[in-house]
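Let me begin by presenting the structure, written as structure tokens, before commenting on it.
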Amino acid sequence: MELQINTSLQSDILKKKVYINACMPVINQDALFADGTKEYRNPPEPKPYEGVKLKFRTAKDNVDAVYVRVDDNRLKMNRISSDRLFDYYEAQVALGDKPISYCFEIVSGRCTCYYHKRGVDREVNPYYNFTLVPGFSTPDWAKGAVFYQIYVDRFCNGDKSNDVVDGEYIYIGQPVIQVKDWDEYPKEMDVRCFYGGDLKGVMDKLDYLKDLGVDVIYFNPLFVSPSNHKYDIQDYDYIDPHFGVIVNDGGEPLEEGVWDNNKATKYIRRVTDKANLEASNQLFIKLVEEIHNRGMKVILDGVFNHCGSFNKWLDKERIYEKEDGYAKGAYVDKESPYNSFFRFHEDNWPYNNSYDGWWGHDTLPKLNYEGSEKLYNYILDIGRKWVSPPFNVDGWRLDVAADLGHSPEYNHQFWRDFRRAVKSANPNAIILAEHYGDPSSWLKGDQWDTVMNYDAFMEPITWFLTGMEKHSDEFRGDLLGSIDAFRGSMEHHMSRFHTSSLQVAMNELSNHDHSRFLTRTNRRVGRTNSLGAEAANDNVNKGVLREAVVMQMTWPGAPTIYYGDEAGLCGWTDPDNRRTYPWGHEDHDLIRFHKDIIALHKSSQALMTGSIKFLYGQHKLLCYGRFDANDKFLICINNNYEDVFVKVPVWQLNIPNSTHMVKVIETTEEGYTTESMQYVVLDGAVEINLKKISAVVLKSI
């Protein structure tokens, strides 16, 4: 009898527990959302001592309370509005002049969870907290802008009179070469080969770039330099006359068997004559005016960690030694006014070769900022000069920016001063750095605006869609199509940015340092020296490239096209990635596709600066949304070699049942279409059949 009573009692308790649990609201984690866009932070870029309203979203009637945890404080948020699917909570936070860190705490009965940049978490995790820096902002013109990167020597030859000629000078031990055939592949040792592209050629193609939809032109270095890449600057004050204008030509190339550049009279005349230098600067001024007249911006490449051995401050090649108007270089003379610009290890003049080179390269002397206040101020002046009248450039891309100086502390101090100098001259200028790895210590609001986005764009997309490393040096089958690796990498690395920095991050698929993305689609490990240049064209898949471009144009940041990618250019890593633009045999279908997807990107603020949310994923399949108060987009990527049927929960984008969504673009291996097709939202989802190797963009209407 006692056993029966206990069994009955246990049954009653179990029933009550089930009943109570059924009555307790379970937190709908998929509904929880906040980010740093203007929909959830107002204003998104507040000033010091300004109040900022933070908003948080939950499922409707789903939670008991929401708190915002600001540093060590816990502030209850008020429910301010509701719609068919969600409740919205808000709290106002008074700012000082110091950065703040915050996350959200969501409570429902005895259940509590937290929300930070990576989404829902069981515990507070300050590493992924939202951060806000009072007074930090990035230029509005750059948020979601379409950049176009031009490697000038390989883009278009508009003026043959300024071409480098055979044997004009010696570079890295051999005479320079004038390449006569524009379509010839780059040689394995390409750095001393010149195809003749110049600023007049860029001028001739501005209407093409405008028609393509470009907002910003990013130039690889333009300053006087002996290489075709020009990352070994010879004179920071002038545009290279080989890119500009040669009004006083003369002298002769080196005779065969002569290896001394102090006898390279043609080169010396071209790059030291002030008339040539001033005329080249004037052409650049005109070019910037023409770019601005078309509503576009321009940014320059700043190489400030090191210069070149040809540089007038060092003058290892003795280019300037006998020229009027130039002081003696530090290599030539111990009493040079530039002696402190470099770190010498021996007292061995004249012709002292004991200076520090970047990574040991004597052609790339490292600049010695710690030892020279004069150098420090000179480069700050250069930073100001080119963003000011009459040049009026719109910003800087900073080469190997984390390497500058001899210590992290000094590096950060220099970039603080550089930011103050540039922004004082042009508050709307962008400061964008080349950087691999976590950039957060430079993105604290007082140094860089943003970075070239390798970690949170180029690399994850390349691994997911091609399984290739960005140099085509490795294939990883475990990363090809891995949704967990892709999402985990993206969420982690995107969390290292402020929203303002992410919105202007340079999102590239290819550039001058890595293989062309189209070549990566062949999933083949190789370089020119191992497989030959022609192999970079073999078995490429333009359908995969189109998938990548759809992602590029629908992902947070500034989509950046490397010249020629839009025309179907292939290439292994440096130097093969520096092939000439294929004028006369472009892939016009691919260009039309770029024009259409760029137009779509620019048609809605949601695609330029809106929120992003992962919605669904499985092997080789990715679905995500971009949205704001006005527009909602669903983007689906199917990288499988078969069709896939998918049901995507678009209610998470606040798209209610019975809403119609229209297909605005679809890509396949064969091409693309902008023919519309409508879908109806049922049970909170859209059902769609995705073709193999395809990308689809739907918009709610």
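Of the possible donor and acceptor atoms, one in the side chain of Arg626 sits under 3.5 Å from a partner among the backbone N and O of Ala606. At distances below 3.5 Å, not a single donor-acceptor pair connects side-chain atoms of Lys205 with backbone N or O atoms of Val202. His498 contributes no side-chain N or O that, together with a main-chain N or O of Ser500, makes up a donor-acceptor pair within less than 3.5 Å. The backbone N or O of Gly571 lies less than 3.5 Å from no partner atom in the side chain of Arg516, so there is not a single donor-acceptor pair. Trp442 places no side-chain N or O within 3.5 Å of a backbone atom of Ala433 that could act as its donor or acceptor partner. At least one donor-acceptor pair closer than 3.5 Å links the side chain of His601 to the backbone N or O of Gly144. Trp182 places a side-chain N or O within 3.5 Å of a backbone atom of Tyr581 that can act as its donor or acceptor partner. Within the 3.5 Å criterion, the main-chain N or O of Ser225 finds no donor-acceptor partner in the side chain of Ser227.
The cationic group of Lys385 lies under 6.0 Å from the six-membered ring centre of Tyr238 and within 45° of the ring axis, placing it in a cation-pi geometry. The side-chain tip of Lys470 does not point at the ring of Phe517 from less than 6.0 angstrom away and within 45° of straight on.
In this structure, Phe593 has its ring center under 6.0 Å from that of Tyr672.
A side chain to side chain contact (heavy atoms under 4.5 Å, CB included) with Ile665 is found for exactly one of Val697, Ile635, Val696, namely Val697.
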